[in-house]
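Below: the structure, in structure tokens.
Within every chain, numbering begins at 1; the chains are lettered A, B, ... in the order of the sequence lines, protein sequences first and strands thereafter. Keep in mind it's a predicted model, so treat the numbers as computed, not measured.
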Amino acid sequence: MAFHWTAIPRFIPQLLAGAQLTLLITLAAMALGIAIGAAMAAGRVSRFRVLRLLAGLYVEFIRNTPALLQIFILFFGMPSLGLRMSAVTAGSIALGLNASAYLAEIFRAGLNGVPAGSREAAIALSFSRLHMLAYVTTPLAMRAAWPAFCNLVISILLASSLLSAISVYELTGITNDISTKTFLTFEVYSIAALFYVALNIAVSLLLALTGRLLFPPQSR
Amino acid sequence: MIEVKGVSKSYGAHEVLRQVSLEVEPGQVVAIIGPSGSGKSTFLRMLNGLEGFNGGSIRIDGHDLSVPRELQQVRRQVGMVFQQFNLFPHLTVGRNVTIAQRLVLKESKAAAEKRARRLLDRVELSEKWGSYPSQLSGGQQQRVAIARALAMEPKVMLFDEATSALDPELVGEVLDVMRSLASEGMTMLVVTHEMGFARNVADRVLFMDGGRIVADGPPGRLLDNPEDERLIQFLRRIGNHERSDPTPVSGAQPA
């Protein structure tokens, strides 16, 4: 069996472009996920039963269906409702919705992690509800949710490879393409795997650094 | 200053407080003692609206606690110190003491910091300005918590077992601050197990049991010549043997 590693370097620019798109999709999906996830977390701890129920249904529905199916619904299903989107857009939204359900749970756990004593102190000091949310609840909930949040970013980055199934040329998609055109199957997939590892290490380091800046260890 | 009339509180069928009434004059230091589950913490927490009440009325400095808008007024005038300190863990000592001044009293940054530095100086922690609560001992955290409450310039201070979570050797430093506040004429309600404090600092001692104020009077009479049978038993249980405590700071030793 002969490998042709020397043929790989000329595909590096394409793979880099794919990696860039992977990062962009992850970023877009996380942004959407954070917005919807925060709303759903608020719904799940709302004092209104209907909101709790609706948010709960949303979270359970998303978490109990495959991400790939969600991508198919957005890309293949939505046009029949008159909503036509590019594969990248549909895929990013699908991933964002997927992330939002997990983020809703992560944020809710974060809210539960806010020490009751801190809230009582804020009440006793006559904080308004808005001030308590902005200066006590949110920062403490974010601090509690941070490790789980970082794990989810990595999960979403990996799940973005599913978008190759709707012909998005992110890292996995572009690798498929190179592979079918060149038959350098083992070589290109191995290199793509290394790219994923490198991406994840870089993202993890960035998140760890951000975490240290936002939540200094002595403030725990 | 504080007027409580016939206040009750129950969780379901369980009555925590039954028809409690109390009047406290400005400058009075009231120690509230009693067995756990007697309702003394619940009663204290009611005085700044951390607990609701079912019947009766509470007025503090003329403000009616059952009116939501007045409740906010009351909270500004009533400082609270908790058993577990409840400092904001994500904020430095300086920010802990300035944040409510900035947000609630709308003080300028300079004015808030000036007052915070003066108060931290007073509790002998001015060098801890930039530290986080987790870097302080329990006694230091509690002194910061007292400074934080004082920063609102309250008319009344409530202490909910402020020394119960502290290691024995750290109790004294917190009691010293409380004693100095009392000597300056602060109106104080102190739920405590420190009989030394009740005896030597308080003007008045309340003994609560079963959700009622069972005995109420000056510490000398109440602690040294108790008449109520439940109070006698309570004092015996917590080991109130030595009649005049030579080291009031450390308080009564558990039997």
Side-chain angles (χ1 to χ4, degrees), chain A residues 34 37-38 41-42 45-49 103 106-150 207-220, chain B residues 41 44-45 47-51 68-93 95-106 128 130-136 141 144-145 148-154 156-160 165:
Chain A
I34 288 169
V45 299
S46 162
R47 67 190 122 150
F48 301 111
R49 233 176 69 131
L103 283 166
I106 288 169
F107 291 154
R108 186 169 70 133
L111 285 174
N112 289 336
V114 176
S118 291
R119 260 190 267 220
E120 284 202 337
I123 294 173
L125 288 166
S126 185
F127 277 40
S128 68
R129 290 169 67 97
L130 198 64
H131 282 151
M132 176 141 87
L133 187 68
Y135 292 92
V136 180
T137 315
T138 304
L140 288 173
M142 274 176 59
R143 192 182 72 167
W146 187 252
F149 176 85
C150 295
L207 288 170
L209 201 69
T210 312
R212 279 191 76 88
L213 285 175
L214 285 176
F215 320 109
Q218 66 270 25
S219 74
R220 268 147 208 276
Chain B
S41 278
L44 197 75
R45 290 161 56 84
L47 296 178
N48 70 347
L50 281 179
E51 302 272 354
R69 212 181 31 215
E70 303 223 352
L71 180 58
Q72 285 302 95
Q73 284 300 315
V74 166
R75 285 188 179 137
R76 286 184 193 200
Q77 289 163 14
V78 178
M80 177 111 185
V81 176
F82 299 89
Q83 183 175 358
Q84 299 295 339
F85 332 131
N86 295 357
L87 291 177
F88 301 123
H90 59 307
L91 302 180
T92 60
V93 165
R95 283 272 284 156
N96 262 282
V97 184
T98 51
I99 187 166
Q101 296 183 67
R102 302 276 285 128
L103 297 179
V104 181
L105 303 181
K106 313 285 181 203
K128 298 292 184 189
S131 304
Y132 284 91
S134 68
Q135 296 170 308
L136 306 184
Q141 288 191 52
V144 173
R148 179 177 68 173
L150 290 175
M152 299 292 284
E153 306 203 309
V156 177
M157 284 284 284
L158 307 177
F159 292 85
D160 187 8

Checklist line | side chain to side chain contact (heavy atoms under 4.5 Å, CB included) evaluation trace for I123(A) with L50(B) | finding: CA-CA 8 Å; I123(A) 294 173; L50(B) 281 179; 3.7 Å; yes
Item checked: Counterpart residues, salt bridge (Lys or Arg N to Asp or Glu O under 4.0 Å), relative to E153(B) (two or more places apart) ->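 Listed in chain order: R115(B).
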Notebook entry, point to check: Hey, which residues of residues 107-120 of chain A are touching chain B, say heavy atoms under 4.5 Å apart?
Noted result: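 Interface residues of residues 107-120 of chain A: G117(A), S118(A), E120(A).
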Next item on the list: For chain B, find its close neighbours in residues 130-139 of chain A: heavy-atom separation under 4.5 Å, sorted by number, or none.
Entry: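 Under the 4.5 Å heavy-atom cut-off, H131(A), Y135(A), V136(A), P139(A) qualify.
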Tell me, side chain or backbone of [X] under 4.5 Å from chain A's heavy atoms, or both, or neither?
| X | value |
| --- | --- |
| L87(B) | backbone |
| V81(B) | neither |
| Q72(B) | both |

Margin query: Only pairs of heavy atoms separated by less than 4.5 Å count here; which of R148(B), Q83(B), M152(B), Q73(B) has the most with chain A?
Written below: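 Most heavy-atom pairs under 4.5 Å with chain A: R148(B).
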Checklist line | For F88(B), all residues meeting ring-ring contact (aromatic ring centres under 6.0 Å, His included), sequence neighbours excluded | finding: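 Once residues adjacent in sequence are excluded, the partners of F88(B) under the ring-ring contact (aromatic ring centres under 6.0 Å, His included) criterion are F127(A).
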Next item on the list: Grab the two heavy atoms, one from A124(A) and one from F82(B), that are nearest each other, plus how far apart they are.
Entry: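 A124(A) and F82(B) have their closest heavy atoms at CB-CZ, 4.0 Å.
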Note to self: Restricting to non-hydrogen atoms, name the atom on S126(A) and the atom on R76(B) that form the minimum distance, rounded to 0.1 Å.
What the structure shows: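 Heavy atoms of S126(A) and R76(B) come nearest at OG-CG, 3.6 Å.
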Notebook entry, point to check: Would a 4.5 Å heavy-atom cut-off, applied to side chains only, mark H90(B) and P216(A) as touching?
Noted result: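 Sidechains of P216(A) and H90(B): no contact.
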